[in-house]
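Small disclaimer: the values here were computed from a predicted structure and weren't measured.
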Amino acid sequence: MKNISLSLLLLFTLIFSTNLPTVEAAETELSFKAKKELITKYAMKYNIPPEILKAIAMKETAMMQYEANGEPVMNKNNDGGIGIMQVTMSKEEMQAQGIDEYKLKYNTEYNIEQGAKILNSKWNYDIPKINDRDRTKIEHWYFAVWAYNGLSVRNVPSETNPSPYQEKVFDYIRDWAYVPIAPTPKIESSTTSTGSLDLSVKMHYDIEEWNTTSMQSLKSGDVVYTSYSTLANGVSNLRDLPDTVSPSKIISKVLPYSRVKIISGPYESEAKANLFSFYKVSVNGKEGYLSSSNLQDSTPEITIPKTTLPTNHGEPIGRVVIRTDNVPYLKSNADGSFTIIERKTKNHNFAPKEMIRLYGVMGDYFHVGGGYYIKNSDIDMDIMIGRAYIEKPTKLYRLTSDNKLSEHPSNITYKNGEYLRVYDYDDQYIYVGSDSVGKHVLKRDNNVKLVMGFITPKKNITMYKPNGTVHKTLKAGERVWVYGIDGKHLDVGGGYYVKYDNEEVVNYSSL
């Protein structure tokens with residue numbers, strides 16, 4: 001009897017268990033780090049700047065999938081939105097697109113991907129375009145973000161409506177991702193007879209300031225640059241771990257406009273308020289983690305006073321005069337990274353007062369010969385472009401920022417035959433130093449010669465007139481000042497020149 005009862009029970013279980021619905025295990029709220037990782041994953045999948053998708057999630061639900069009671073966040077804007085991305089569709093639209101409403105409610109990753117798909121579809125709407133409409137530029141998504149919430153009159157920015165939906169999204173990018181997006185210019189629009197929004201009055205905007213490349217979609221091997229951080233006196237913090245919260249520590253300060261090679265990432269922060277990412281990087285010969293908010297895709301190129309770059313010759317154009325012991329010697333590698341060359345000094349860096357020949361620039365780096373560079377830093381170095389040769393006694397003056405000239409309080413008068421370092425010059429003055437009060441200058445007159453170097457012929461050579469005819473012969477061993485270099489011509493004053501096409505014949509020395 002017991003065997004018959006057990007058999008009937010097993011048969012009953014098999015019959016009815018096959019008709020029971022499959023229920024997924026209940027999902028709890030993911031960590032903010034996990035949610036940001038998912039947002040970045042699907043932003044990159046659909047070629048959307050992650051900064052934008054993160055900011056939308058913050059604006060819609062404070063990046064929350066569930067309420068405190070464990071139920072999904074619903075209807076935040078009274079439009080039937082579901083979950084972290086507030087996906088808003090009718091049941092008919094969901095069915096037509098094969099979207100699972102249950103997953104929208106109870107699967108954070110699914111909800112995020114559907115939100116990314118929706119935003120991606122808005123990019124293809126017939127909406128105004130910004131500049132060259134580049135998907136990697138954050139501001140170029142302005143109208144697509146607007147469309148994510150609805151192309152309605154309520155989202156037209158104005159004096160009486162300064163913070164519509166898309167503006168709030170962009171403010172999250174400015175304030176939480178620390179991306180310096182310029183203010184929105186005037187958006188032109190009108191209203192139809194039925195009260196609908198009409199943006200067709202202007203379908204293309206040229207906004208020079210709106211071309212910020214996303215720094216959260218970088219890949220291993222990419223080369224970018226540090227920006228000028230307004231939060232830390234210009235420098236960027238290189239960390240030992242990819243976060244700002246403990247136990248992450250700052251291991252180095254990185255100067256602005258430093259060349260950065262991406263090793264791996266992006267990595268997301270545990271902190272809700274950190275809408276920026278981190279990357280493991282190599283920068284100036286060191287490895288660590290930098291925030292995406294400290295990166296940019298290009299760098300301004302430094303200039304050398306009174307020097308046109310690139311030059312048309314291979315001679316030094318000046319000297320890097322080292323002030324501190326904080327300047328490393330960098331070798332540029334083919335992969336975009338730098339290696340620190342250890343020198344025979346106390347801390348392996350350049351020593352104060354060293355003068356390094358300067359051949360050109362690369363971005364914010366000084367080229368000091370071969371594949372070697374010095375990172376620009378106003379605090380750690382000066383750039384000398386020549387020498388002032390004193391032919392007759394010459395006083396030193398001080399020129400203040402309001403252009404008041406007075407004799408230098410030291411009462412220095414330089415004697416004939418002395419050389420002074422020159423950092424810049426104009427029609428009136430030669431700049432030979434500075435202090436906290438003003439610049440140290442010499443009056444530009446016949447008492448002073450501004451020179452770059454000199455030549456000493458090893459054999460007799462020809463000096464040419466400005467018109468190219470022969471002027472005279474310079475004898476071997478005769479020393480002649482050089483005032484400038486143009487290709488293979490060395491300017492020896494008054495337009496006269498000698499040809500510098502054979503180092504075995506002419507020895508040129510820069511000062």
Side-chain angles (χ1 to χ4, degrees), residues 28-44 49-55 57-58 62-64 108-109 112 172-180 213-297 299 326 328 330 333 335-340 347-348 375:
T28 57
E29 191 72 58
L30 303 180
S31 69
F32 283 106
K33 179 181 179 181
K35 285 181 283 192
K36 285 185 282 185
E37 287 172 345
L38 289 172
I39 290 171
T40 297
K41 171 183 174 180
Y42 287 106
M44 294 177 74
E51 295 93 330
I52 289 178
L53 207 58
K54 289 177 184 176
M58 286 302 303
M63 207 179 281
M64 299 294 290
T108 306
E109 180 171 3
I112 289 170
Y172 273 115
I173 298 172
R174 294 182 181 102
D175 301 336
W176 292 40
Y178 296 109
V179 179
T213 302
S214 169
M215 289 289 106
Q216 294 190 21
S217 301
L218 301 174
K219 298 178 179 63
S220 175
D222 286 348
V223 174
V224 290
Y225 302 86
T226 52
S227 57
Y228 185 94
S229 173
T230 57
L231 301 177
N233 297 320
V235 299
S236 300
N237 293 328
L238 187 69
R239 293 180 169 272
D240 61 347
L241 295 172
D243 212 331
T244 57
V245 299
S246 182
S248 172
K249 296 182 181 65
I250 298 170
I251 57 176
S252 182
K253 300 285 187 179
V254 183
L255 292 169
Y257 316 127
S258 294
R259 189 171 71 178
V260 177
K261 181 195 173 186
I262 303 298
I263 297 175
S264 61
Y267 303 98
E268 301 301 332
S269 168
E270 297 281 1
K272 173 182 178 180
N274 291 350
L275 293 190
F276 46 82
S277 302
F278 283 87
Y279 293 92
K280 187 175 183 181
V281 304
S282 173
V283 55
N284 295 340
K286 299 179 181 179
E287 289 189 4
Y289 295 88
L290 280 177
S291 160
S292 61
S293 61
N294 292 136
L295 302 175
Q296 60 188 33
D297 63 340
T299 181
N326 296 325
L330 302 174
N333 301 317
D335 65 358
S337 65
F338 283 109
T339 301
I340 295 177
N347 64 356
H348 304 302
K375 177 68 180 72

Between the side chain of R259 and the main-chain N/O of G336, is any donor-acceptor distance below 3.5 Å? yes

E268 bridged to K35 by N-O distance under 4.0 Å: no

Kindly compute the distance separating OG (S337) from CG (L330), expressed to the nearest 0.5 Å. 10.5 Å

For K286 and L238, the nearest pair of non-hydrogen atoms, with its separation, is CB-CD2, 4.1 Å

Of the non-hydrogen atoms in G285 and I340, which two are nearest, and what is the gap between them? CA-CG1, 3.7 Å

To the nearest 0.5 Å, tell me how far S252 OG sits from D240 CG. 12.0 Å

To the nearest 0.5 Å, how far apart are CZ in F278 and OG in S292? 8.0 Å

Measuring from Q216:CD to I52:CD1, what's the distance to the nearest 0.5 Å? 10.5 Å

Who pairs with Y172 by side chain to side chain contact (heavy atoms under 4.5 Å, CB included), at least two apart in sequence or on another chain? A55, M58, K59, W176, L275

Looking at residues at least two apart in the chain, or sitting in another chain, which of them share a side chain to side chain contact (heavy atoms under 4.5 Å, CB included) with S31? K33, A34

Where F32 and A62 come nearest, the two heavy atoms and their spacing: CE2-O, 3.8 Å

Is it true that a side-chain atom of N294 and a backbone atom of T226 form a donor plus acceptor pair closer than 3.5 Å? no

On a heavy-atom basis, the closest approach of L218 and Y279 is N-OH, 3.1 Å

Quick one: list whatever passes side chain to side chain contact (heavy atoms under 4.5 Å, CB included) with A271, sequence neighbours left out. V245, S269, N274

D243 side chain to E270 backbone, donor-acceptor under 3.5 Å: yes

Of all residues at least two apart in sequence or in a different chain, which pass the ring pair (Phe, Tyr, Trp, His ring centres under 6.0 Å) check with Y178? F276

Distance from N284 atom CG to S258 atom OG, nearest 0.5 Å? 4.0 Å

Which residues satisfy the side-chain hydrogen bond (donor to acceptor under 3.5 Å, both in side chains) test with Y257, sequence neighbours excluded? none

Could you work out, with side chain to side chain contact (heavy atoms under 4.5 Å, CB included) as the rule, every residue matching P256, not counting sequence neighbours? Y228

If you take all heavy atoms of N237 and K253, which pair is closest and at what distance? OD1-NZ, 2.8 Å

Decide side-chain hydrogen bond (donor to acceptor under 3.5 Å, both in side chains) for Q296 and S227; before the verdict, give the C-alpha distance in whole Å, the side-chain angles of both, and the deciding distance to 0.1 Å. CA-CA 6 Å; Q296 60 188 33; S227 57; 4.7 Å; no

Return yes if some donor-acceptor pair links the side-chain N/O of S217 with the main-chain N/O of P49 below 3.5 Å, else return no. no

Do N333 side-chain atoms and D335 backbone N/O form a donor-acceptor pair below 3.5 Å? no

Can you check whether V281 reaches I263 side chain to side chain, under 4.5 Å on heavy atoms? no

Given the rule in the side-chain contact (heavy atoms from CB on, under 4.5 Å) test, do K249 and L241 qualify, once you have shown the distances and angles that lead to the verdict? CA-CA 7 Å; K249 296 182 181 65; L241 295 172; over 6 Å; no

Does a side chain donor of either E51 or S214 reach within less than 3.5 Å of an acceptor in the other side chain? yes

I'd like to know if the side chain of T40 reaches the main chain of K36, judged simply by a donor and an acceptor atom lying under 3.5 Å from each other, with no hydrogens or angles considered. yes

Distance (rounded to the nearest 0.5 Å) between M64 CE and L30 CG: 10.0 Å

